Amino acid sequence: MGWISVIGEWFFWPPFFQLVIAPGLVAALVIVIFILWFERKTAARVQMRVGPYNVSPRLGGALQLIADLVRYSFQEFIIPFTVDKAAYVAAPLLMLIATVLPAAVMPMSPVLPYSYSWPNIMEYNLLLALALLTISPIFTVAAGWASNNKFSLIGAARESFMITAYELIFIIAVLATAAPVHSYDIVRIVEAQRTWRVMALLNPPAFLAALIAVLMSTSGFPFEIPESEHEVVAGPFTEYSGLMYGVEMGAAYIKRYIMSVLMALVFFSGWKPLDPTPGAGVWSGYVAPLVVVLIKATIIMAVISFLRAVYGRYRLDQALHLAWRLALPLALIGYAIGLLYGYLGVL
Amino acid sequence: MPPKPAHKRVPLYGFLSAVKGNLEALTIGLKYFLNPNRSTLHYPREYIKLRPGYRGYIVLNKAKCIMCDSCARICPAAAMKMVRFQAPDPKRPGKMKLYKYPVINYQRCIFCGFCVDVCPTEALRHVPAHDVVYLNLAEMELDLDRFQVEPKSPAEVEGGIPVKYIFDPDRGLVKVRATEGGGGSGG
Ligand code: SF4
Ligand code: SF4
């Protein structure tokens with residue numbers, strides 16, 4: 001018992017476990033690979049095509065993504081002469097790291113399996129997660145700038161336009177869920193939601209605004225503007241090849257995943273069908289709630305993927321128009337509703 | 001200074017119709033997601049069963065040909081040529097006779113079907129196949145022997161499933177399995 005418990009204690013140490021295993025890197029990769037396959041299959045289904053198929057016909061082409069991964073990792077990584085080398089190489093890696101960082105501060109369960117001194121019940125973890133989420137777009141812009149290519153520059157400029165639009169919306173919309181419970185603690189926000197009384201239903205404007213912001217921030221359709229293939233090749237990632245390109249494309253999806261986890265927590269009552277009590281063991285007290293949150297996040301991602309099949313792409317000015325004229329007011333209305341709930345003490 | 005871009009004001013009914021349009025798009029997407037109507041042809045595993053009258057590859061029946069030269073004359077792409085050769089005449093033993101028969105060059109043929117239409121004895125006919133593969137350009141110029149062999153679709157030879165596309169009033173074009181003798185599509 002002694003050894004297992006020691007190893008378990010190390011393994012589940014939150015700074016490591018949350019960042020690297022789940023909801024961090026490993027879970028992110030697994031879910032993102034599934035979502036990428038799902039997205040391609042869904043788009044194909046809706047658009048009367050078949051999608052990935054030939055790699056593994058029995059599994060509906062599920063191994064296609066593995067094949068793509070292998071192909072990307074063995075492709076030559078070319079560093080062009082004209083780029084700013086340090087920034088060019090560092091940007092994708094930093095982007096990936098910055099994208100996963102918020103996972104470290106998002107509590108996946110109200111209780112921790114071992115008596116760590118890590119403050120999982122941090123008072124301000126929602127604010128921390130939101131603040132960490134805002135880091136990664138800087139590296140998208142940096143990648144575009146370092147590439148020294150007109151398409152990259154245009155893509156980076158578009159990305160920076162989008163950042164200014166969506167950051168505010170997402171933060172206001174998510175903070176609208178903090179107002180009713182008078183706390184920035186995700187655990188308390190989740191605990192306040194019961195059965196059908198989830199924030200998404202109680203506060204639809206905030207939820208809709210947050211969803212639009214997620215779409216905008218992760219280049220989901222209809223906001224796939226910085227990387228729009230028909231206009232700017234691959235936007236900020238034009239000059240990248242091989243694994244680095246895969247990392248950058250993956251980073252956008254991992255960001256979508258992290259944002260979905262956050263949305264699953266604050267809008268869809270996180271681990272809620274389960275109700276872990278402080279005495280519960282590792283599995284029922286920590287891993288089971290984690291799985292529930294991840295399943296909810298995957299469903300949110302699947303819905304976002306479905307949108308890809310239906311929508312075309314907005315022009316930049318249309319997207320900004322929608323963001324500033326529609327989504328921002330929606331987020332503000334949502335925040336007002338949140339304040340009202342907080343004032344009336346509904347939750 | 002560049003002129004300021006004019007921003008179109010979006011009136012309320014425009015906003016509502018946009019909401020309605022979005023909902024309609026999502027509904028249609030969901031309909032297709034739940035009940036997909038895939039029209040992809042998995043080519044070597046499936047192939048389109050063509051109708052007998054399909055203007056596909058052309059085959060010569062040498063026995064029926066009366067050497068009238070009409071097919072070579074009418075061909076707009078100069079794909080059909082007559083070949084001439086001396087051979088013993090079966091009617092007059094010991095004498096030679098000049099024979100001429102058409103051959104086709106598929107590098108030039110546009111599959112217009114004029115040669116088949118003009119042939120007075122139906123010596124030329126179309127084969128319902130359009131996916132024959134040649135390894136190089138020289139192979140596409142058929143000689144008299146190869147012009148008499150009926151080309152087969154490789155998908156059919158390898159046992160692909162014959163399918164056809166039919167029009168369904170509710171679902172549009174639908175791919176269904178073609179039954180034996182039940183005709184085909186295309187053309
Ligand atoms: S089908 Fe038309 S183009 Fe082809 S050989 Fe006959 S007449 Fe010429
Ligand atoms: S038109 Fe018919 S009969 Fe006349 S030469 Fe051509 S194939 Fe022979």
Side-chain angles (χ1 to χ4, degrees), chain A residues 35 37-58 60-61 64 161 204-205 208-209 211-212 215 220-223 299 301-330 333, chain B residues 1-48 154-155 158-161 163-177 185:
Chain A
I35 282 295
W37 171 78
F38 179 83
E39 181 166 319
R40 290 173 67 174
K41 277 309 238 194
T42 311
R45 243 175 121 88
V46 174
Q47 295 163 359
M48 303 167 80
R49 296 182 282 117
V50 174
Y53 180 78
N54 255 339
V55 168
S56 52
R58 294 255 179 85
Q64 176 72 49
F161 270 116
L208 201 60
L211 194 68
I212 292 175
L215 282 172
F221 275 81
F223 299 105
I299 293 172
M301 287 188 80
V303 170
I304 291 176
S305 299
F306 170 73
L307 296 184
R308 181 201 179 96
V310 179
Y311 282 110
R313 182 186 297 121
Y314 283 138
R315 271 195 329 258
L316 183 60
D317 65 318
Q318 289 171 327
L320 294 178
H321 184 278
L322 191 108
W324 291 109
R325 292 272 184 82
L326 181 73
L328 186 63
L330 261 182
I333 293 170
Chain B
M1 211 178 123
K4 264 188 96 171
H7 279 291
K8 222 173 78 190
R9 293 237 157 245
V10 180
L12 186 64
Y13 66 82
F15 174 72
L16 287 180
S17 74
V19 170
K20 186 163 157 273
N22 275 297
L23 289 180
E24 274 173 9
L26 288 173
T27 319
I28 291 175
L30 208 59
K31 204 180 89 189
Y32 274 93
F33 179 68
L34 297 175
N35 186 9
N37 177 19
R38 293 178 164 133
S39 49
T40 305
L41 183 75
H42 291 258
Y43 170 64
R45 294 181 287 273
E46 295 173 346
Y47 66 95
I48 295 180
E158 284 171 19
I161 302 165
V163 298
K164 62 180 177 180
Y165 288 90
I166 56 169
F167 184 75
D168 184 302
D170 298 327
R171 292 161 56 97
L173 273 186
V174 185
K175 186 176 77 178
V176 294
R177 196 180 169 126
S185 69

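Quick caveat, the model's predicted, so the values are computed rather than measured.
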message = Just so I understand: if I count every heavy-atom pair under 4.5 Å between each of Val50(A), Leu326(A), Thr42(A) and chain B, which residue has the most?
response = Val50(A)
inquiry  = Does atom CD (Gln318(A)) have a neighbourhood of more than 12 heavy atoms from anything else shown, all under 6.0 Å?
reply    = yes
ask   = Between Val310(A) and chain B, which part of the residue has a heavy atom less than 4.5 Å away: side chain, backbone, both or neither?
value = side chain
Roughly how far apart are [X] [atom1] and [Y] [atom2], rounded to 0.5 Å?
X: Arg38(B); Y: Tyr53(A); atom1: CZ; atom2: OH; result: 9.5 Å
X: Asn54(A); Y: His42(B); atom1: CG; atom2: NE2; result: 8.5 Å
X: Thr40(B); Y: Arg49(A); atom1: OG1; atom2: CZ; result: 7.5 Å

Only pairs under 3.5 Å count here: list side-chain donor-acceptor contacts from residues 18-34 of chain B, not counting sequence neighbours, and write none if there are none.
unit_1	atom_1	unit_2	atom_2	d
Asn22(B)	OD1	Tyr311(A)	OH	2.6
Asn22(B)	ND2	Ala18(B)	O	2.9
Thr27(B)	OG1	Leu23(B)	O	2.5

